[in-house]
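Report on the following structure.
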Amino acid sequence: MKKESWGSRTGLILAMAGNAVGLGNFLRFPVQAVQNGGGAFILPYLICFLLMGIPLLFTEWSIGRFGGKLGNHSTPYILDSMSTKWYWKYIGVFGIFTNIAVMAYYTYIESWTFMYVIHSVIGTFSGLGKEEISQFFDQYVLFQGADFGIPLFPVLVYVGVLGLNVYILSTGLGGIEKVAKIGMPLLILFGVILAVRGWTMGSDFASEAFPDANAWDGINFLWTPQYSSLADPKVWLAAAGQIFFTLSVGMGSIQCYASYLKENEDIALNSVTAGFTNELVEVLLGSAIVIPIAAGFLGLDWVLQNAGFGMAFQTMPYLFQQWGPMIGAIAGVCWFGLLFFAGITSSLAMGTPWMGFMKDEFGWGKVKGAVSFGLVSLVMGLPTVLFFQYGYFDEYDYWAGTVSLVIFAFLETLLFTWIFGMNRGWEELNRGADIKIPSAYKWIMKYVTPVLLFLVLIAAFVTPQGNDWNAAISGLFSGDGWTLDNSSLISKLTFADLQAQVAADPNQTAYLEAKMWYSGLARTQLAMLFLVITGIVWYSSLNRKKSTL
């Protein structure tokens, strides 16, 4: 049987860039930048990209191509092929588990962007005030309206968007490549249109309510370096976290894509190109849309006080309407169309590890692999839609979309540089390379990147109160102890964060206790998914042993 492969280098790079360029580029990056001091965030972010992002891309592309030449297209057996220890195949379960768990809720966000494109076209937001548009989103996710009068409409849209993903996946790499070749240029085109508008607004839309509104205040805030942040652990932690989100490392999808490369096909230039394409989109376009446009209408002070994920759906539609019905509709289509293409090019990558594994181990075809992936994602994802208000969605995002990424990236880095061996790894990375990688990266990949990943993990476990690392470290040395923040992994694990909210607001006890119950259910469901995949990997290993007898 002929091995499936990419049709062209351009298609591969666009698909890899599409995997990385996702909702985090346009939703999470600007919010993280604002919450961490704007220009104070940029320098640590760029340093983390060079010292952690690029090395992880090199590692995952190398691991993927190495495993692919041995006939493995998912992380359990890609990692297994790099070590003699039996347990690495089970660590590789992270590379399937994370993709299914993230797909489960990520597709729900895609369904929001799809519906907001429709609402922008039909003029739903025309004439609505800021509060009304903000409430529109809440009504949608809480099944309280904004649904054309159709019962469970958000569920139907979610299933439809998930079905679209499954259909494209069923066509194989060729279908993914076609979507990337269409979606990535459109995404960039829409982004450029909105970015140019953001750069040229100036103070033209200052109002009586916001007389100091100026889009350039937002741009200057983001791009005025503040070197003092280099000594702030909080900013470094946020920057490192954004690198994971933006590059889609630690998931297993890059390894899967790379496993379909030929043995001597370049990975050095390809990985750098895909990585820098993502960074250009994020830094140049992601920083030029939400923050400048919001600052141009509402002022920088408002942005600093209200920056959050909800701005994309609860604020931007209102701001677009201030340009007039026609331009507002065009801006809405560009913005939510951009988010939709960013989302789907990323979510398609999430299906390939499961499909690659099931084909390798059980001979499943594209259609069977894609449909089974869709069904598992649906079972996992429906609760995130139905119980959104109780934090089901947030639990998936935290444990599967954050913690799991860092753990897996740390472990695979140790495997590649210390167990497989940095010398062998360096040779694998440079074989067929079209560029000469600076030799300093051999040292960075072996020592600097693992240490940074370890520090990120430890920091997540013991995040201090208020995320104030300087005060916490000073207090520790002065004998005052270390008080954990409610956002720390330990606090999350023990529900200390929700218990603190109950103590702070007894009137919310019933809701918070329900949220605690649903959070526990979400974690149980995630744990069951991991165990089921582990069981499938174990069963496949028995089949492999039988076939060698």
| task | May I ask you to check whether E412 and T59 show a side-chain donor-acceptor distance below 3.5 Å? | result | no
| Do the side-chain N and O atoms of Q255 and T75 include a donor-acceptor pair separated by under 3.5 angstrom? | no
| query | With no hydrogens and no angle check, is any side-chain donor or acceptor of E282 less than 3.5 Å from a backbone partner on P30? | reply | no
| remark: When rounded to the nearest 0.5 Å, the distance separating CG of L222 from CD1 of I291 is 6.0 Å
Which pairs of donor and acceptor atoms, one on a side chain in residues 483-494, lie under 3.5 Å apart (sequence neighbours left out)?
unit_1 : atom_1 : unit_2 : atom_2 : d
D485   : OD1    : G466   : N      : 2.7
D485   : OD2    : S487   : N      : 2.9
D485   : OD2    : S487   : OG     : 2.7
S488   : OG     : D485   : O      : 2.9
S488   : OG     : S491   : N      : 3.2
S488   : OG     : S491   : OG     : 2.9
S491   : OG     : D485   : O      : 2.9
T494   : OG1    : I490   : O      : 3.0
T494   : OG1    : S491   : O      : 3.3

| remark: So side chain to side chain donor-acceptor pair (under 3.5 Å) across residues 370-382, not counting sequence neighbours, yields W354-S372
| Using the ring of each side chain (for Trp, its six-membered ring), is W112 parallel, tilted or perpendicular to F393, with breaks at 30° and 60°? | parallel
| How about Y398: does its OH atom have over 12 heavy atoms from other parts shown lying under 6.0 Å from it? | yes
| said: Can you confirm whether more than 12 heavy atoms, excluding those of Y511, are under 6.0 Å from its OH atom? | reply: yes
| task | Any chance you could lay out the side chain to side chain donor-acceptor pair (under 3.5 Å) test for E395 and W399, step after step, and finish with the verdict? | result | CA-CA 6 Å; E395 289 292 325; W399 295 107; 2.9 Å; yes
| Do F313 and F136 have ring centroids that are under 6.0 Å from one another? | no
| query | Between Y392 and Y396, is the ring centre distance below 6.0 Å? | reply | yes
| request: Using ring pair (Phe, Tyr, Trp, His ring centres under 6.0 Å) as the criterion, point out the one residue from F125, Y116, F341, F114 that pairs with F336. | output: Y116
| request: Could you go through the side chain to side chain donor-acceptor pair (under 3.5 Å) check for S404 and T98 one step at a time? | output: CA-CA 7 Å; S404 179; T98 300; 2.7 Å; yes
| task | Measure the shortest side-chain to side-chain distance between N165 and F373 over non-hydrogen atoms and say whether it is less than 4.5 angstrom. | result | no
| said: A side-chain contact here means heavy atoms from C-beta on lying under 4.5 Å apart; do I536 and V93 qualify? | reply: no
| request: Apply side chain to side chain donor-acceptor pair (under 3.5 Å) to the pair E279 and Y45, showing each step before the final yes or no. | output: CA-CA 11 Å; E279 291 306 298; Y45 170 78; 2.7 Å; yes
